[in-house]
Amino acid sequence: MCGIVGYVGSKDAYPIIVKGLKRLEYRGYDSAGVAIGNSHGISVLKQKGKVVDLEAYAAGKDNSGSIGIGHTRWATHGAPNQVNAHPHSSGDGKLALIHNGIIENYDSLKKALLEKGHTFESDTDTEVLVHLIEEIKNHEEVSLFEAVRIALSEVVGAYAIVVIEKGINSEFVAARKGSPLLIGVGRDEYYIASDATPIIEYTNEVVYLEDGEIARVNCNDKLEITTISNEKITPYIHELKLSLDTIEKAGFPHFMLKEIYEQPKSILDTMRGRIDLENKELKLGGISDYEQKIINADRIIIVACGTSWHAGLIGEYLFEDLARIPVEVEYASEFRYRNPIIKESDVVLAISQSGETADTLAAIKLAKEKGATVLGVCNVAGSSIPRITHAGIYTHAGPEIGVASTKAFTTQVVVLALMALRIGKDKGTLSNNNYHQIIAQLEVIPEKIEKVLETNSQIKIIAKQFKDATNFLYLGRGYNFPVALEGALKLKEISYIHAEGYPAAEMKHGPIALIDSEMPIVVIATKKGNYEKVVSNIQEVKARGGRLIAIVTEGDKMVKELAEFCIEIPNCFEELAPLLSNIPLQLLSYHIALLRGCNVDQPRNLAKSVTVE
Ligand code: G6P
């Protein structure tokens, strides 16, 4: 939530910052702003809306200079307007600061600063922080670095911040606790950002700032890092593996569509090196040291949020089915606050695309405190979750930029399937035959997804029929129940149509009352599993006049007679059905949103990386 970019060196900072902000817009797009340092002082330019609105506003204004910071906001404290947009300035205008996170004790800090004569323009917690730094700097007569360090020792909350000072055009100060920040190291220049996407074009050498660290970033000097308690840290330079083409649209009109179409490749990348094709064996290097621990676990607790939580539900079916280990799937935000029972014999599995979700991070910390083994399934390499879990597996989906998660979900399900297969085999709960058969099926899933993608034009036609609906119901059973939840979430997120996912049989206990001749009902009725039972549920819908869209297995006859629209997908094992049945639902939500004129990649009020609780 909120994107941060900064540059110091000899280039013109403004275009670098603006380009970087566009790459980070998935983190929030309520307002955007920059502060550029030059010989006139600090020029702060900010605007409500997206980065393009900022560009229009900043055109022709004083925006040249070789040091700059920029911010794209997802509002927490204060409405999304120009005044509350970042950067925020100190009272004397000598400091400008950008912030991602929440200063929890801002109210008490603000009262103390008001008593000292500070006045505030915005409703934000961030403005309080820049005034606090100013107060300390002036009162204690210390450097900016030192003032930031002292100020942060008084702050409660989460932050990634970058501060610049008027007249000092070779240096900024940055700090992190709870929100991500990485520094790109160039030749006599540095970059800083919330993730690697604004940096990769210029350098692949980065230093990840850790929680509780402050950096003095001076383009004429070596990077200097200390902790808030003033211990010196030696910066460790990582080499980024990201390439520029993976973060561009590559001819697709939207990132979401590109990412839907990338799924066959992403899944191949997820499986690469993990499935030994010749021997049909699995090797999960990331968790190999913990395999025995999982085998002996009393239970697995999966913690996640949003779409990742839906993948976790499929994980529950997989682990219970194949490895016979009891699984609980928890919303991280509930788990962290309800005094959960966690034992040392539990394995906690955190699933997160971004690796930065605040609630998931807090759930991990809690589980670790209680002595559980914590493993991660994440997409973004080097993000916070992989760095605090005991071990884990990357999904290798590649950067996901559309706010609505698509390929991250399918690759999470693949990782969970690989894990359940490996553990089931080693535990002896899965026969050799089943193990090899499911692996063989997994291998052909990318080809089968290619086939599902061919239904795109049919789905476009269906979308036209239903674009004006106000409610949708999604039904599925067994492995396809979480798919129903995920399909409904996708539609809500990007088209703003109310949608609910339900276990098909549970419909009788409530949602059936909503069904009339206007109501679209999407039913996932693939062969295997509870097919006949789902057909009965379809009959119940039909009897009440609902408009049925069904996802069926190729060659299906029974459902075709009942549903108004049928989308066929290739046959596959029940355990892997979500990997195919989910794709038409992604496309359906995409086309409906498009027809309704919605911003598919940046839906209102949402952000991709939720770094506040
Ligand atoms: C946000 C995103 C969702 C995502 C959820 C969890 O709500 O918009 O797409 O599923 O956060 O994020 P994570 O990065 O932890 O998977």
Side-chain angles (χ1 to χ4, degrees), residues 1-3 24-30 74 76 178-180 194-195 197 255-256 259-260 266 302-315 329-336 348-365 374-389 392-413 415-416 482-483 485-496 501 582 585-586 589-590 593 598-613:
M1 273 190 171
C2 299
L24 290 179
E25 237 177 351
Y26 73 87
R27 302 178 68 86
Y29 30 81
D30 293 335
W74 188 88
T76 57
S179 302
S194 303
D195 76 20
T197 56
F255 280 112
M256 182 182 179
E259 288 155 10
I260 291 174
S266 300
I302 295 180
V303 290
C305 302
T307 289
S308 299
W309 185 80
H310 293 155
L313 286 180
I314 297 173
V329 188
E330 300 268 4
Y331 287 114
S333 53
E334 287 298 313
F335 179 78
R336 63 179 287 196
V348 172
L349 189 59
I351 308 176
S352 172
Q353 187 285 129
S354 62
E356 299 293 351
T357 303
D359 284 319
T360 311
L361 274 164
I364 292 170
K365 286 178 190 157
V374 185
L375 307 175
V377 175
C378 291
N379 189 35
V380 179
S383 56
S384 301
I385 292 177
R387 284 186 292 130
I388 65 163
T389 42
I393 303 190
Y394 280 119
T395 49
H396 296 312
E400 190 181 69
I401 294 170
V403 165
S405 186
T406 52
K407 63 177 181 171
F409 173 76
T410 37
T411 53
Q412 285 165 347
V413 175
V415 166
L416 293 166
V483 175
L485 294 178
E486 175 58 11
L489 176 66
K490 231 44 353 162
L491 189 72
K492 269 185 281 214
E493 281 180 313
I494 61 170
S495 73
Y496 319 137
N582 181 49
L585 307 189
Q586 296 172 343
S589 60
Y590 172 79
C598 300
N599 187 333
V600 172
D601 282 337
Q602 295 172 347
R604 71 182 177 210
N605 303 338
L606 296 177
K608 187 145 193 75
S609 181
V610 182
T611 53
V612 294
E613 64 171 280

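Both counts, for ligands and for their atoms, begin at 1 and track the order of listing.
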Might you list the protein residues in contact with ligand 1, defined as having a heavy atom under 4.0 Å from one of its atoms, sorted by chain and number?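 Those residues closer than 4.0 Å to ligand 1 by some heavy atom are Cys305, Gly306, Thr307, Ser308, Ser352, Gln353, Ser354, Thr357, Val403, Ser405, Ala607, Lys608, Val610.
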
Name all residues meeting the salt bridge (charged side-chain N to carboxylate O under 4.0 Å, His left out) criterion together with Glu400; count only those two or more places apart in sequence or in a different chain, and write none if there are none.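 Residues passing salt bridge (charged side-chain N to carboxylate O under 4.0 Å, His left out) with Glu400: Lys608.
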
Quick one: list whatever passes side-chain contact (heavy atoms from CB on, under 4.5 Å) with Cys305, sequence neighbours left out.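 Checked Cys305 against side-chain contact (heavy atoms from CB on, under 4.5 Å); matches are Ala332, Thr357, Asp359, Thr360.
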
Partner set under side-chain contact (heavy atoms from CB on, under 4.5 Å) for Ser308, not counting sequence neighbours: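 For Ser308 the side-chain contact (heavy atoms from CB on, under 4.5 Å) partners, ignoring immediate neighbours, are Ala304, Ile351, Gln412.
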
Whether the Ser384 and Glu356 side chains hold a donor-acceptor pair (N or O, under 3.5 Å, no angle test) is what I'd like checked.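 There is such a pair (donor and acceptor under 3.5 Å, judged by atom type) between the side chains of Ser384 and Glu356.
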
Is it the case that Thr406 and Lys490 place a side-chain donor and acceptor less than 3.5 Å from each other?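 No, because no side-chain N or O of Thr406 sits under 3.5 Å from a partner of the opposite role on Lys490.
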
Is it true that Trp309 and Tyr331 have ring centroids separated by less than 6.0 Å?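 Yes, ring centres under 6.0 Å apart.
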
